[in-house]
Amino acid sequence: MTEPHATHVVCLHSSAASGKQWRRLVAQGGDAWQWHTPDLYGHGGRPDWPELMPSQLSVEANGVLAGLPFATNQGFHLVGHSYGGAVALQMALQQPQRVLSLTLYEPVAFGVLPALGPNEPEWEEISAVAATLGAALDRSDDFGAARGFCAYWQGRDVWPEMDIAAQLRIAEAMPTVRRHFEALFAAQWSDSLLDLLRMPVQLICGGATRASARRVAQSLSVRLPLVKLQMLEGAGHMAPIAEAGRVNALILESLGAMQRVPAG
């Protein structure tokens with residue numbers, strides 16, 4: 001039974017996953033926290049991205065905030081992976097007075113990359129990934145889009161190893177994932193905006209991740225006021241799923257520490 005005064009923790013999943021991604025974290029974290037693992041638009045049981053709404057992180061953030069099953073004056077911790085980590089940052093920007101802390105595994109806020117330099121190779125790399133995915137969708141090749149997307153983030157072609165149900169689920173998410181890329185590229189947060197985030201931030205980055213994700217983590221690690229960056233040796237971008245035990249231990253350690261550190 002959850003402790004009556006346990007603090008809320010909202011966990012946001014990566015693209016092409018769902019809130020079920022966090023089942024092991026919730027089980028390991030137990031009743032010391034009140035866990036919330038919502039599905040994001042177009043994933044799990046959540047309807048597709050609102051058709052007339054722009055591809056902006058604020059649309060996703062507003063959707064999550066509107067669905068939280070507790071009072072709007074209550075604070076909460078945020079946990080996020082990849083796209084979910086970027087949405088968590090957007091939520092914190094919108095409601096900094098409520099967000100107690102952020103624990104983020106490779107938040108892919110790609111919009112920060114162009115500001116690092118005109119010929120940033122990591123920006124060119126991830127822009128090419130998004131363009132390839134979009135081109136596949138334009139020719140109605142959802143499976144091709146999904147296969148390339150998975151190969152990039154896994155570091156190899158894992159498509160033949162997946163069962164057909166998993167392939168179908170990921171392929172069906174690809175139109176929404178195109179929205180994700182558009183929203184992530186558009187989030188070109190300024191230093192003055194990021195300076196508003198005065199809550200503690202724990203960034204976790206895999207030592208064997210993709211260059212684009214690592215570069216975003218490095219950028220955020222010097223631009224956020226109260227941030228710590230922890231490298232997880234040998235881990236890839238999908239470690240919160242593939243190596244959940246290792247990553248969850250770090251998340252729970254971070255949450256425990258955040259509980260004892262007041263927001264600035």
With a 4.5 Å cut-off on side-chain heavy-atom distances among I, L, V, M, F, W and Y, is there a chain of contacts connecting Val222 to Val201? no
Side chain of Glu106, backbone of Gly206: donor and acceptor closer than 3.5 Å? yes
Less than 4.5 Å apart, any side-chain heavy atom of Phe110 and any of Val129? no
Could you tell me if the side chain of Leu133 sits less than 4.5 Å from the side chain of Met174, heavy atoms only? yes
Evaluate the criterion side chain to side chain contact (heavy atoms under 4.5 Å, CB included) for residue pair Glu172 and Asp142; output intermediate values, then yes/no. CA-CA 7 Å; Glu172 288 173 353; Asp142 292 16; over 6 Å; no
CD of Gln230 to CG of Leu250, rounded to nearest 0.5 Å, is 4.5 Å
If you measure from the Lys or Arg side-chain nitrogens to the Asp or Glu carboxylate oxygens, is any gap between Glu125 and Arg215 under 4.0 Å? no
When every non-hydrogen atom of Arg169 is compared with those of Ala17, the smallest separation belongs to NH1-CA, 4.0 Å
Scanning both residues in full, the closest heavy-atom pair of Leu184 with Ala86 reads CD2-CB, 3.4 Å
Can a donor-acceptor pair be found, under 3.5 Å and without considering hydrogens, that links the side chain of Glu122 to the backbone of Ala211? no
Would a distance-only check, ignoring hydrogens and angles, find a side-chain to backbone donor-acceptor pair under 3.5 Å from Arg198 to Leu226? no
With a 3.5 Å distance limit and no angle check, can you tell me whether Ser219 reaches the backbone of Val216 through a side-chain donor-acceptor pair? no
Test item: side-chain donor near acceptor, Ser254 and Gln202, under 3.5 Å: no
No-hydrogen, no-angle side-chain donor-acceptor test under 3.5 Å, Ser101 and His77: yes
Quick one: does His43's side chain have a donor or acceptor within less than 3.5 Å of a partner on Ala16's backbone? yes
What are the two closest non-hydrogen atoms of Val79 and Leu104, and how far apart are they? C-CD2, 4.5 Å
Return yes when atom CD of Glu161 has more than 12 non-hydrogen atoms of other residues, nucleotides or ligands closer than 6.0 Å, and no otherwise. yes
Would you say the ring centroid of Phe76 lies under 6.0 angstrom from that of Trp33? no
Any donor-acceptor pair under 3.5 Å from Arg214 side chain to Cys205 backbone: no
Do the side chains of Leu57 and Leu89 get nearer than 4.5 Å, heavy atoms only? no
Counting distance only, does the side-chain N/O of Gln167 pair as donor-acceptor with the main-chain N or O of Trp159 below 3.5 Å? yes
When you measure from the side chain of Asp195 to the backbone of Asp191, do you find a donor-acceptor pair of N or O atoms at a distance under 3.5 Å? no
Do the side-chain N and O atoms of Tyr83 and Thr176 include a donor-acceptor pair separated by under 3.5 angstrom? no
Measuring from Leu220:CG to Leu194:CG, what's the distance to the nearest 0.5 Å? 6.5 Å
Shortest non-hydrogen contact between Leu197 and Pro225, atoms and distance: O-CD, 3.3 Å
Any side-chain heavy atom of His13 within less than 4.5 Å of one from Leu40? yes
Is there a donor-acceptor contact under 3.5 Å from the side chain of Gln21 to the main chain of Ile241? no
Is the shortest heavy-atom distance from the side chain of Leu113 to the side chain of Phe185 under 4.5 Å? no
Please work out whether the ring planes of Phe70 and His36 are parallel, tilted or perpendicular, with thresholds of 30° and 60°. tilted
How many angstroms lie between CG in Leu137 and OG1 in Thr132, if you round to the nearest 0.5 Å? 11.0 Å
Any His180 side-chain heavy atom under 4.5 Å of Glu60 side chain: yes
For Ser15 and Val177, the nearest pair of non-hydrogen atoms, with its separation, is CB-CG2, 4.0 Å
Under the 3.5 angstrom rule, does the side chain of Trp153 hit a backbone N or O of Thr209 as a donor-acceptor pair? no
Spacing of Leu25 atom CG and Asn248 atom CG [to the nearest 0.5 Å]: 4.5 Å
Just how far is it from atom CD of Glu51 to atom CZ of Arg179, taken to the nearest 0.5 Å? 8.0 Å
Val10 and Trp35: CA distance, side-chain angles, deciding distance, side chain to side chain contact (heavy atoms under 4.5 Å, CB included) verdict: CA-CA 6 Å; Val10 179; Trp35 298 98; over 6 Å; no
Restricting to non-hydrogen atoms, name the atom on Leu193 and the atom on Leu93 that form the minimum distance, rounded to 0.1 Å. O-CD2, 3.6 Å
Residue pair Arg147 / Pro160, side-chain heavy-atom distance below 4.5 Å: yes
Taking Arg178 first and then Asp138, would you say they form a salt bridge - that is, a charged N and a carboxylate O separated by under 4.0 Å? yes
Measure the spacing between CD of Gln90 and CG of Asn62 and express it to the nearest 0.5 Å. 8.0 Å
I'd like to check Cys150 versus Met162 (side-chain heavy atoms, cut-off strictly below 4.5 Å). Are they in contact? yes
Aromatic ring pairing His237/Tyr105, orientation class (parallel under 30°, perpendicular over 60°, tilted between): tilted
